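Right, one structure below, let's go through it.
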Amino acid sequence: MASDTAELILQARAWLAEDPDPETREELAGLLDSATATPPSGGQDAALAELADRFGGMLQFGTAGLRGELGAGPMRMNRAVVIRAAAGLAAYLRRQDTTGTVVIGYDARYRSADFARDTAAVMTGAGLDAVLLPRPLPTPVLAFAVRHLGAVAGVTVTASHNPPRDNGYKVYLGDGSQIVPPADAGIAAEIAAVKSLADVELAESGWETLGEEIVNAYLARTDAVLTGGSPRDVRVVYTPLHGVGRDTLLAAFERAGFPAPVVVPEQGEPDPAFPTVAFPNPEEPGAMDLAFAAARAAAPDLVIANDPDADRCAVAVPAPGTPAGWRMLRGDETGALLATHLVHKRAAGTFATTIVSSSLLSRIARAAGVPYEETLTGFKWLARTDGLRYAYEEALGYCADPAGVRDKDGITAALLIAELAAELKQSGRDLADLLDDLAVEYGLHATDQLSVRVQDVSVITEAMKRLRGEPPAKLAGLAVTGAEDLALGTDRLPPTDGLRYTLAGDGVESARVIVRPSGTEPKLKCYLEVVVPVGSAGRLADARTTADAVLATLKTDLSEAAGI
């Protein structure tokens, strides 16, 4: 047996010896049996390759926490990895002389409840006060609970909209925001210092499991996003995409006085297998097909979807003459609609979005005379905006009540878009009409995304290397007038792995492309925007034709330039 193979087998056996989970122990023991079979079996090479993949490092803790495929070994999500992560977080809090409550939430994915209980056991064993949410609940309930309970930290066990075999571990500190550097590195260092699970004390009891009062407190807080006495006559078809949003959203709508949404029956119950969708993400092709079928039968005013942990909110509007009969709004469109609604409510404070989102929000804010900020991608950055009143990111994330939930919240976003739709309906208009108004007033801000999912992340590395080494001079017939490597940082942004191009040419007011690797999935994401002047409602159709053509060609040219 070669020395590297022998070392791999020893490493796997050492992990097996302290794995606390019978399920992953059995899985790993089976791999070891296949890898060390005598005489060698036909599956030996495959087993060794699988072991090498699982023991090629440790699942890295970063600003997104942990996220990965379930299974045995340090490169998978499992109880051994979660216990180490919890121990590292506890050690970090103690090193900061921080004591108090750690509140723990979880969704309905495979093993989420187990990982949450292990976290409570570790925190209790470390001398912290652990508090578990009462049942699988939306991530925004956890983010709310951190602030509401005055906790020093929060953990939610979720992989959001990742595939069924994934799970994750997201950390909030006492301000209710997701962690950012240097806290992530500090926690990661403490995790790395956990050499053996034998060194981690797991209490058998001593933590508290909250009752429904925490959910009721969150629901009471949702009142803050609506205007008393505003119209509520709007009919909604709703899907939680097999996630945990249904009961909380229905309770929020009932409390607010909206008609009860029609729930897509095939997707209403939490189900970690996500049996009706290839990916449980409303942005993915086909994910909304059942919702649109239900809408064709129910003829509502809106279709609303949450992702599985209900921190994102997708909106669709009627689109007569199209195959589905409905059109999904882009996150940028919903973001602009909610911003306009809040401006009309005279909301005061900073409006913020990320560098990959549409520039339309900046124009809305400027016209309203409210402060505006841009941050790096992710609510971990948006939530830290000074004086924040409203924030959104193009990936269907909206924060309409930062005093209550300092993170994206798909429940309150759904309430707010329903209120806006009801107000427009009362005057014989709809969301599409308001989007047309915004295009006429500010120019048509058309956005799209080129997203490439890969099996081998080296494809992403090579694409970024190619674009840095040979930056394009022209895309879609537009001259590249500015090229920034965001890895160098700017005067307003910390460094991040990304590239930003600004473009100009005939027929458009401006255009922009940002290319970055996803922080949570094996994807290369390219964010495209073109702004086309409109001037009058009669020119909207021509402006859309121009924008569609430019965006389509941008995708083709950018794919060629990146070699993807």
Side-chain angles (χ1 to χ4, degrees), residues 23 70 77 104-117 132-142 156-168 209-212 214-216 218-219 222 235-255 258-298 300 302-316 326 328 396 409-415 418:
E23 184 176 322
L70 292 164
M77 281 293 295
I104 303 153
Y106 56 101
D107 65 10
R109 282 179 175 267
Y110 294 118
R111 310 312 302 272
S112 286
D114 296 330
F115 296 163
R117 186 187 182 283
L132 275 171
L133 294 188
R135 54 186 168 85
L137 284 165
T139 291
V141 177
L142 180 280
T156 188
V157 181
T158 179
S160 188
H161 53 266
N162 274 38
R165 286 298 301 171
D166 287 4
N167 213 327
T209 299
L210 296 173
E212 289 300 306
I214 190 65
V215 183
N216 293 333
Y218 167 80
L219 289 170
T222 63
R235 291 169 297 123
V236 172
V237 161
Y238 169 70
T239 175
L241 287 181
H242 302 293
V244 296
R246 181 193 62 188
D247 292 350
T248 306
L249 182 134
L250 292 181
F253 268 60
E254 180 181 11
R255 179 185 179 91
F258 289 106
V262 175
V263 179
V264 176
E266 301 93 334
Q267 298 174 332
E269 293 292 333
D271 188 336
F274 305 108
T276 68
V277 290
F279 289 95
N281 179 352
E283 294 179 293
E284 292 284 347
M288 297 293 289
D289 287 354
L290 286 173
F292 293 159
R296 288 192 292 272
L302 287 179
V303 173
I304 292 176
N306 287 137
D307 67 338
D309 69 327
D311 62 351
R312 289 174 170 84
C313 178
V315 179
W326 287 82
M328 275 278 290
L396 309 181
D409 183 347
I411 307 296
T412 52
L415 288 170

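What's counted below: heavy atoms across the whole structure, side chains too, no hydrogens, waters or symmetry copies. Treat the numbers as computed from the prediction; the structure is a model and nothing was measured.
Side-chain contact check for Thr412 versus Pro140: every heavy-atom pair is 4.5 Å or farther apart. Within the 4.5 Å cutoff, the side chain of Ser160 has heavy atoms near those of the Arg312 side chain. The side-chain heavy atoms of His242 and Pro270, taken from C-beta on, include no pair separated by under 4.5 Å.
Side-chain contact of Glu266 with Thr276: a donor-acceptor pair under 3.5 Å is absent, judged by distance alone.
With hydrogens and angles ignored, the 3.5 Å screen pairs a side-chain donor or acceptor of Asn306 with a backbone N or O of Gly410. At distances below 3.5 Å, not a single donor-acceptor pair connects side-chain atoms of Asp409 with backbone N or O atoms of Asp311. When atom types are taken as modelled, the side chain of Asp307 and the backbone of Asn281 share no donor-acceptor pair closer than 3.5 angstrom. No side-chain donor-acceptor contact under 3.5 Å links Thr156 to the backbone of Thr158. Remark: the backbone N or O of Gly245 is not paired with any side-chain donor or acceptor of Thr248 at under 3.5 angstrom.
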Is there a side chain to side chain contact (heavy atoms under 4.5 Å, CB included) between Ile104 and Leu132 once you walk through the steps?
-> CA-CA 5 Å; Ile104 303 153; Leu132 275 171; 3.8 Å; yes

Step by step, work out the side chain to side chain contact (heavy atoms under 4.5 Å, CB included) result for Val277 and Leu241.
-> CA-CA 8 Å; Val277 290; Leu241 287 181; 4.2 Å; yes

Go through the steps to decide whether Leu302 and Val315 satisfy the test side chain to side chain contact (heavy atoms under 4.5 Å, CB included), and finish with yes or no.
-> CA-CA 7 Å; Leu302 287 179; Val315 179; 4.1 Å; yes

Under the side chain to side chain contact (heavy atoms under 4.5 Å, CB included) rule, what do Met77 and Phe115 come out as? Steps first, then yes or no, please.
-> CA-CA 9 Å; Met77 281 293 295; Phe115 296 163; 4.1 Å; yes

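Applying the salt bridge (charged side-chain N to carboxylate O under 4.0 Å, His left out) test to pairs two or more places apart or on separate chains, those with a residue in residues 104-115 are Asp21-Arg111, Glu23-Arg111, Asp107-Arg109, Arg111-Asp114. Residue pairs meeting the salt bridge (charged side-chain N to carboxylate O under 4.0 Å, His left out) criterion with at least one partner in residues 242-255, sequence neighbours excluded, are Asp223-Arg255, Arg246-Glu269.
By the 30° and 60° cut-offs, the orientation of the rings of Phe292 relative to Trp326 is parallel.
Atom CG of residue Leu396 and atom NE2 of residue His161 lie 8.5 Å apart, to the nearest 0.5 angstrom. Rounding to the nearest 0.5 Å gives a distance of 5.0 Å between CG of Leu70 and CZ of Arg165.
When each of Leu249, Thr239, Leu250, Val236 is tested with Val263 by the rule side chain to side chain contact (heavy atoms under 4.5 Å, CB included), just one qualifies, namely Leu250.
Not counting sequence neighbours, Arg117 has no partner by the salt bridge (charged side-chain N to carboxylate O under 4.0 Å, His left out) test.
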